[in-house]
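Structure first, then comments.
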Amino acid sequence: MNIVLLGAPGSGKGTQAAMISGRYGTPHISTGDILRQAVTDGTSLGLKAKGYMDRGELVPDEIIIGVVEECLREEDCERGFILDGFPRTVAQAESLEESLKEMGGSLDVVLNIEVEDEEIIRRLTGRRICGKCGRIFHLLFDPPRDEGVCEVCGGDLYQRADDTEETVRRRLEVYKEQTAPLIDFYKRKGLLRNVRGEKSAADVFEHVQETLEGIRG
Ligand code: AMP
């Protein structure tokens, strides 16, 4: 299946995408992860993207569209893919439609994960990540035993530069201005399915799975 996950930052798209990928074996393409890796590796893509990411703004369409096209042409995407964090603008959505048409495919479903703003701010500003093993903690919902230290590997925990309250609020504004119009875009195409995202990841996944099974028929 060709799936797009839509939703504000912190709505749980990444978690659900990983769960869908684990259940159905479909490759998970996260543009945020690709860009963060490029920044860590210091590639030219990373150098171009870093400033936008740190400010909570979108990387220009012409940069990210090429990156995703390349991923979709990989052999492992032939039997389906899960896009997480792309498209984020109407121009990206139109270009995705064109690329898929050229490859003889189309989207099967767009899952829109809905979460209230205040919950998003709580989730993102409390997130802490281990710099060594990547384990994600949350100061309120899943706190580490010792402050600032990963209990799995002893690594130091850090906060993503774009998870500070000011930047999270900016990311939410950007989402509303540039990405939320995609809800209508995909509704008009009959592809949109809404999923409430406030519950636990397992509960949300249950609803996601029911929705996907309904589409697979
Ligand atoms: P995410 O992890 O999906 O929240 O993405 C982190 C950051 O990467 C975003 O705030 C943007 O700066 C950038 N980014 C990720 N995906 C896209 C995209 N499709 N278009 C533009 N910028 C993106």
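Atoms within each ligand, like the ligands themselves, are counted from 1 in listed order. Atom set for the values below is all heavy atoms of this structure, side chains included, hydrogens, waters and symmetry mates excluded.
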Q.
Taking the cut-offs as 6.0 angstrom to the six-membered ring centre and 45 degrees off its axis, would you call Arg160 and Tyr158 a cation-pi pair?
A. no
Q.
Give the residues near ligand 1 by chain and number, with the criterion being a heavy-atom distance under 4.0 Å.
A. Thr31, Gly32, Leu35, Arg36, Met53, Glu57, Leu58, Val59, Ile64, Gly85, Phe86, Arg88, Gln92, Arg160, Arg171
Q) Within the side chain of Glu151, is there an N or O that forms a donor-acceptor pair under 3.5 Å with the backbone of Arg145? A) yes
Q) Can you name the one residue among Leu111, Ile3, Leu5 that meets side chain to side chain contact (heavy atoms under 4.5 Å, CB included) with Val208? A) Leu111
Q: Establish, yes or no, whether the cationic atom of Arg135 lies under 6.0 Å from the six-membered ring centre of Phe137 and within 45° of the ring axis.
A: yes
Q.
With a 3.5 Å distance limit and no angle check, can you tell me whether Arg128 reaches the backbone of Leu157 through a side-chain donor-acceptor pair?
A. no
Q | Heavy-atom donor-acceptor pair, His28 side chain to Met19 backbone, under 3.5 Å | A | no
